[in-house]
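Here's the structure, in structure tokens; my notes come after.
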Amino acid sequence: MSRMGDVLAGFHAAWEFESDSVLIRYERGIRTPKLFQALGERRVPLDAIAGVTLTRGKRGTVVLRVEPRPGADPLMEAAAGQLKESGDPYRLVLPAEREVLAEYYADELRALLTESGPADRFLVEPPKGPLSFKAYDGKASFDGRTVNFRWFWTGASSAKWKAGDQNFPVGELNGVEWRSPEVFEGHLRLLHRDTGTSAAQADQDPAAVVFGLGYGPVHESLPFAAAVLAAVRTSSPVAAVPAVSAAGPRRDPADIAERIRHLGELHQAGLVTDEEFSVKKAELLAEL
């Protein structure tokens with residue numbers, strides 16, 4: 001850039017332009033997306049950027065966005081295109097009156113970009129560990145070397161209880177499959193090197209934890225998935241990230257009945273509201 005350390009501040013974030021990178025600092029506040037707050041800040045090397053766009057936004061705004069190269073950022077690889085536009089950490093939303101200034105920085109950035117196409121390794125640092133979050137059926141934790149799933153009696157299926165709590169060294173994994181909790185039946189599944197993607201439903205697979213009703217929110221489960229994926233790639237650089245699979249077949253009625261029973265127990269314990277119980281129960285019944 002023309003002046004090292006130039007800062008462009010927008011809504012929820014500020015970008016600092018350096019000679020070899022863009023440092024993105026996310027604000028903390030009730031209106032800032034929780035994912036941004038969880039990330040804190042991210043340094044994006046210029047060789048991780050494929051392009052820069054500037055477009056008109058909503059309600060008198062413009063949007064400056066850097067396009068990360070495929071394979072350069074473990075967070076975006078784990079997300080696999082499932083993030084909402086408002087939760088995209090590579091967008092900087094600015095008032096429309098700052099469009100000329102934003103265009104200046106966009107041009108400056110474009111002039112410095114020299115790389116394109118998929119990256120052969122992660123260039124953006126993954127979220128720092130150790131990390132943990134509560135899913136619907138268990139607690140997931142990661143210390144940088146091993147992923148642990150500890151099942152909850154109120155949510156885990158009988159198949160998971162029979163399998164017992166699980167430990168997965170990253171050296172035995174091939175990748176992760178993250179399904180956003182903002183769509184129905186989100187989950188995090190760990191993919192074994194030997195077996196690849198399991199055909200089992202996530203709630204029946206001991207290598208997966210299931211999201212729902214505030215369990216496994218994006219700002220907790222996605223950074224977790226990205227950190228695991230980065231560790232897997234470090235252990236096995238050639239491992240590929242699978243695309244998010246299409247929805248599986250309808251569940252067996254017995255499985256639906258079991259989930260409704262668990263949901264009822266959460267409701268009676270005061271862990272879900274009447275409205276949440278009714279909505280989730282209706283969603284489960286719709287699968288029959």
Rounding to 0.5 Å, atoms OG (Ser221) and OH (Tyr215) come to a distance of 14.5 Å

Before giving the answer on side-chain contact (heavy atoms from CB on, under 4.5 Å), spell out for Leu229 and Phe122 the whole-Å C-alpha distance, their side-chain angles and the decisive distance to 0.1 Å.
CA-CA 10 Å; Leu229 179 58; Phe122 288 137; 4.0 Å; yes

Say whether, by atom type as modelled, one donor and one acceptor occur between the side chain of Tyr26 and the main chain of Pro33 under 3.5 angstrom.
no

Can you find a heavy atom in the side chain of Arg121 that is under 4.5 Å from one in the side chain of Arg233?
no

Do Leu8 and Leu94 come within less than 4.5 Å of each other through their side chains, counting heavy atoms only?
yes

Contacts of type side chain to side chain contact (heavy atoms under 4.5 Å, CB included), residue Glu103, not counting sequence neighbours:
Leu54, Ala106, Asp107, Arg110

Quick one, Leu83 and Met76 - any side-chain contact, counting heavy atoms below 4.5 Å?
yes

Non-hydrogen side-chain atoms of Pro45 and Glu115 separated by less than 4.5 Å:
no

Output the distance between atom CZ (Arg31) and atom CD (Gln37), rounded to the nearest 0.5 Å.
13.0 Å

Could you check if a side-chain atom of Val232 sits within less than 4.5 angstrom of a side-chain atom of Asn174, using non-hydrogen atoms only?
no

Please report the C-alpha distance between Trp151 and Val209 in whole Å, then the side-chain angles of each, then the deciding distance to 0.1 Å, and finally whether the side-chain contact (heavy atoms from CB on, under 4.5 Å) criterion is met.
CA-CA 9 Å; Trp151 307 122; Val209 289; 3.9 Å; yes

Contacts of Glu97 meeting salt bridge (Lys or Arg N to Asp or Glu O under 4.0 Å) (sequence neighbours excluded), chain-then-number -> none

Any heavy-atom pair between the side chains of Leu112 and Ser19 that's under 4.5 Å?
no

Mind checking salt bridge (Lys or Arg N to Asp or Glu O under 4.0 Å) for Glu41 and listing every partner two or more places apart, or none if nothing turns up?
Arg25

Separation between CZ of Phe149 and CG of Leu188, rounded to the nearest 0.5 Å:
5.0 Å

Whether Thr234 side chain and Ala230 backbone form a donor-acceptor pair below 3.5 Å
yes

Heavy-atom side-chain proximity of His187 to Glu177 below 4.5 angstrom:
yes

Pairwise distance CD(Glu85) to CZ(Arg91) - rounded to 0.5 angstrom:
4.0 Å

Which donor-acceptor pairs under 3.5 Å do the side chains of residues 66-73 make with protein atoms, sequence neighbours left out?
unit_1, atom_1, unit_2, atom_2, d
Glu67, OE1, Arg65, NH1, 2.6
Glu67, OE2, Arg65, NH1, 3.3
Arg69, NE, Gly117, O, 2.8
Arg69, NH1, Asp47, O, 2.7
Arg69, NH2, Gly117, O, 3.4
Arg69, NH2, Pro118, O, 3.1
Asp73, OD1, Arg42, NH2, 2.9
Asp73, OD1, Leu75, N, 2.9
Asp73, OD2, Arg42, NH1, 2.7
Asp73, OD2, Arg42, NH2, 3.4
Asp73, OD2, Tyr90, OH, 2.6

Partners of Arg59 by salt bridge (Lys or Arg N to Asp or Glu O under 4.0 Å), sequence neighbours excluded?
none

For Phe168 and His192, what are the C-alpha separation, side-chain angles and deciding distance, and is it a ring-ring contact (aromatic ring centres under 6.0 Å, His included)?
CA-CA 9 Å; Phe168 303 91; His192 292 272; 5.5 Å; yes

Results of side chain to side chain contact (heavy atoms under 4.5 Å, CB included) for Ser278 - residues two or more places apart only
none

Can Arg56 and Glu99 be said to form a salt bridge (charged side-chain N to carboxylate O under 4.0 Å, His left out), step by step?
CA-CA 9 Å; Arg56 292 292 179 89; Glu99 182 175 3; 3.4 Å; yes

Lys139: partners by side chain to side chain contact (heavy atoms under 4.5 Å, CB included), with sequence neighbours left out:
Ser132, Arg150, Phe152

To the nearest 0.5 Å, tell me how far Phe142 CZ sits from Phe224 CZ.
7.0 Å

Does the pair Tyr105 and Leu109 meet the rule for a side-chain contact (heavy atoms from CB on, under 4.5 Å), with working shown?
CA-CA 6 Å; Tyr105 283 109; Leu109 264 180; 5.9 Å; no

Under the rule for salt bridge (Lys or Arg N to Asp or Glu O under 4.0 Å), what residues qualify as partners of Glu182, not counting sequence neighbours?
none

Give the other cluster members for Val63, using side-chain heavy-atom distances under 4.5 Å between Ile, Leu, Val, Met, Phe, Trp and Tyr residues; answer none if it is isolated.
Phe11, Val93

Is it true that a side-chain atom of Arg179 and a backbone atom of Gln82 form a donor plus acceptor pair closer than 3.5 Å?
no

Glu125 (side chain) donor-acceptor with Arg43 (main chain) under 3.5 angstrom:
no

How would you list, by chain and number, every residue that makes a side-chain hydrogen bond (donor to acceptor under 3.5 Å, both in side chains) with Asn148, sequence neighbours excluded?
none

Rounded to the nearest 0.5 Å, what separates atom CH2 in Trp178 from atom CG in Leu190?
14.5 Å

Go through the structure and list residues passing side chain to side chain contact (heavy atoms under 4.5 Å, CB included) with Ala163, not counting sequence neighbours.
Gln166, Pro206

Enumerate the residue pairs fulfilling salt bridge (Lys or Arg N to Asp or Glu O under 4.0 Å) with a member in residues 157-167, sequence neighbours excluded, ordered by first and then second residue.
Asp137-Lys160

Using 30° and 60° as the class boundaries, would you call the ring planes of Trp15 and Phe17 parallel, tilted or perpendicular?
perpendicular

